[in-house]
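Encoded as C-alpha cells, the structure appears first; notes follow it.
From a predicted model like this one, the values you see are computed outputs, not experimental measurements. Order of appearance sets the numbers: ligands from 1, and atoms from 1 within every ligand. Numbers here are sequence positions counted from 1. For the numbers below, each heavy atom of this structure counts, side chains included, while hydrogens, waters and symmetry mates do not.
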Amino acid sequence: MRNPLVVANWKMNGSQETMNKWIEEFTTFNPLLVEMVLCLPFVFIKDFKTRLLTSALDIAVGAQNCSAEENGAYTGEVSAQMLADIGCQWVILGHSERRMLYGETNDVVAKKAIQAVKAGLKPIVCVGETLEQRQAGQTEEVVISQLNSILDAIGPEELSKGALAYEPIWAIGTGKTATPEEAEAVHKALRLGVESRDSFAASVLRILYGGSVKPSNAAKLFACADIDGGLIGGASLKASDFYGIAQAAVVPDVIS
Ligand code: PGA
C-alpha cells in the first residue's frame, strides 16, 4: 500500500505576505493524515522552514528546480546541496515549463536528478506529453523515454524514494484535466516501465497526477489504482483549495 503524496507547486507566485497568510489559514484546518510537500520559490524556503518550527503544520518543503552542476562558476544557479543546507527535502525536476521555456532536455533533467540524489534531496520528476504528441498517439513513447532517461541516471530505487509526476502539458494551467481513465492508463504504463527494471521500486513509487487538479476533480483521480496523489499548481496557492485536494487523498480507514 502506497501512502498518498500531495505536492504544491507555487511556481513563480506568491510573496512573503501571501506565504504567511497561507500558513495561518492552513493551520486553522484539522490536521490530515496525508503526506504533503510545499514547493516554493527558492527565496521563501528558509523562512517557511522557520515558520514550521513554531506552527503545528506537518508539511515538508521542496524547491522547484536545482542546478545540474555540483558547484562552481554558474552564475545565478542554486545547487542541490545548497537546498539541502537550508533544510529543503524535496525538489521538482523536469517540469514541462522548464523543459519548454528553458530548454531542459532529458539529459539535463537526468544530471539534475543525479545532483539532487547526491545531496540527499528527494526528486519529484515530471514527465508528460504535448497535445500534438497525444493526438499523434505518442503519449506512452514520450513519457517512457523521459522516464528511462531518469532511470538510467539514478536508478529505480532512488526514484522510488522521491516521486514521479505525470503531467500532460495540455492539462497544465488550462482547466482541462485528463480523465481518470486517461491518466490511469499512463500511470499504469509508467509503473510497468519501472517494474521492468525493479519490481519492488515500482510497487512503492508514488506516481502523482498533475494538470488542473481541483478540489472538485481530485477524488476521482486519486481513486485510480496507480494514481498516488497529485502535483498541484494554481489550486495550491489557495490554502483552502490545497487542503480540499489533500483531503481527497486521505485513504479512509478500512474497518473490518
Ligand atoms: P496546474 O499546474 O495545477 O495549475 O495545472 C500543475 C503543475 O504545473 O505542476
Can you check whether Gly211 has an N/O within less than 3.5 Å of an N/O in ligand 1?
no
Does a donor on one side chain sit under 3.5 Å from an acceptor on the other, for Ser79 and Asn71?
no
Can I get a per-line list of side-chain donor-acceptor pairs under 3.5 Å for residues 30-48, giving both atom names and the distance, sequence neighbours left out?
unit_1 : atom_1 : unit_2 : atom_2 : d
Glu35  : OE1    : Arg206 : NH1    : 3.1
Glu35  : OE1    : Arg206 : NH2    : 3.2
Asp47  : OD2    : Gln16  : NE2    : 2.4

Non-hydrogen atoms of Gly210 versus ligand 1: any pair closer than 4.0 Å?
no
Could you find the nearest protein heavy atom to atom 4 (O) of ligand 1 and give me its residue, atom name and distance?
Gly234 N, 2.8 Å
Evaluate His95 for polar contact with ligand 1, using N/O atom pairs at a separation under 3.5 Å.
yes
Between Asp226 and Lys188, is there a side-chain N and carboxylate O pair less than 4.0 Å apart?
no
Ligand 1 to Lys11, heavy atom cutoff 4.0 Å, flagged ligand atoms 2 (O), 7 (C), 8 (O)
Report the member of Gly230, Pro168, Cys126, Ser212 with the shortest heavy-atom distance to atom 1 (P) of ligand 1.
Ser212
Counting heavy atoms only, which part of Asn9 comes closer than 4.0 Å to ligand 1: side chain, backbone, both or neither?
side chain
For ligand 1, does Ala171 get within less than 4.0 Å through its side chain, its backbone, both, or neither, judged by non-hydrogen atoms?
backbone
Going by atom types alone, do Thr28 and Glu25 pair a side-chain donor with an acceptor below 3.5 Å?
no
Starting from atom 7 (C) of ligand 1, which protein heavy atom do you reach first, and at what distance in Å?
Glu167 OE2, 3.2 Å
Between His187 and Tyr209, what is the ring plane arrangement, given parallel below 30°, perpendicular above 60°, and tilted in between?
tilted
Quick one: does any side-chain atom of Gln146 pair with a main-chain N or O of Val127 as donor and acceptor, under 3.5 Å?
no
Any Lys/Arg nitrogen of Glu158 or Lys122 sitting under 4.0 Å from an Asp/Glu carboxylate oxygen of the other?
no
Do any heavy atoms of Ala165 fall under 4.0 Å from ligand 1?
no
Trp170-Glu129 side chain donor-acceptor pair, cut-off 3.5 Å:
yes
Go through ligand 1 atom by atom and flag the ones less than 4.0 Å from a non-hydrogen atom of Gly173.
1 (P), 4 (O), 5 (O)
Please determine if Gly233 has a nitrogen or oxygen closer than 3.5 Å to a nitrogen or oxygen of ligand 1.
yes
Given the options Glu104, Glu167, Gln64, His95 meets side-chain hydrogen bond (donor to acceptor under 3.5 Å, both in side chains) only with Glu167
Less than 4.0 Å is my threshold; does some heavy atom of Ala235 fall inside it relative to ligand 1?
no
